[in-house]
Amino acid sequence: MSDIPREERAPYFACVACGLIGEPDSADYTLTADREHVDWTQPMTVGCGFCRTRTQITSTDLLARDTEHACSRCGTRTACPAAADRVVCWGCGLNEPGAASVGDRATYRQDVERGADQWATAGVRVAKQDARARGALPGWAS
Ligand SMILES: [Zn+2]
Ligand SMILES: [Zn+2]
């Protein structure tokens, strides 16, 4: 799997739910027959890196990496869309806000990310309550 070029297995796309632009936080895709590329005749199922919404994208949803982001930690220049709200460094993996994420747009991104985190926290809390109700909550989780 790791032989697949990162540009192919982590394409930039605009989330249909929140509208923000970044790499997916998860991706399920079909491989070409030689198993070295993503088969774009099939849709890719992606999870939004901002709001966690899972959607399907096709080759027409891919955004061109028309600029470069210079990492503030290691200086590596990562190709990305100019409109990216987040960029993951190809050198050290640092996940930083993109050049487009300024002003109101940065505030919106922070709100979306905070909302996704709170949703995840709330989901864990409900899961614990359910487990407690069943008498099945492990000691380490209480
Ligand atoms: Zn989203
Ligand atoms: Zn870096």
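Start at 1 and go down the list; that is how both ligands and their atoms are numbered.
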Between SG of Cys74 and SG of Cys89, what angle is found at the Zn ion (ligand 2), rounded to 10 degrees?
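That angle is 100°.
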
Give, rounded to 10 degrees, the angle between SG (Cys18) and SG (Cys15) as seen from the Zn ion (ligand 1).
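Value returned, to the nearest 10°, is 110°.
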
Compute the angle centred on the Zn ion (ligand 2) spanning SG of Cys71 and SG of Cys92, and express it rounded to 10 degrees.
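Angle SG(Cys71)-the Zn ion (ligand 2)-SG(Cys92): 110°, rounded to 10°.
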
Cationic N near anionic O, under 4.0 Å, Asp117 to Arg52:
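Result for this pair is yes, salt bridge flagged.
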
Charged N to carboxylate O under 4.0 angstrom, Arg114 versus Asp111?
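Judged by the 4.0 Å cut-off on N to carboxylate O distance, Arg114 and Asp111 do form a salt bridge.
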
Sidechain N-carboxylate O distance under 4.0 Å for Glu96, Arg73:
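A salt bridge is absent here (no side-chain N lies under 4.0 Å from a carboxylate O).
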
Do Thr78 and Arg65 have a side chain donor and acceptor closer than 3.5 Å?
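No - no donor-acceptor pair under 3.5 Å links their side chains.
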
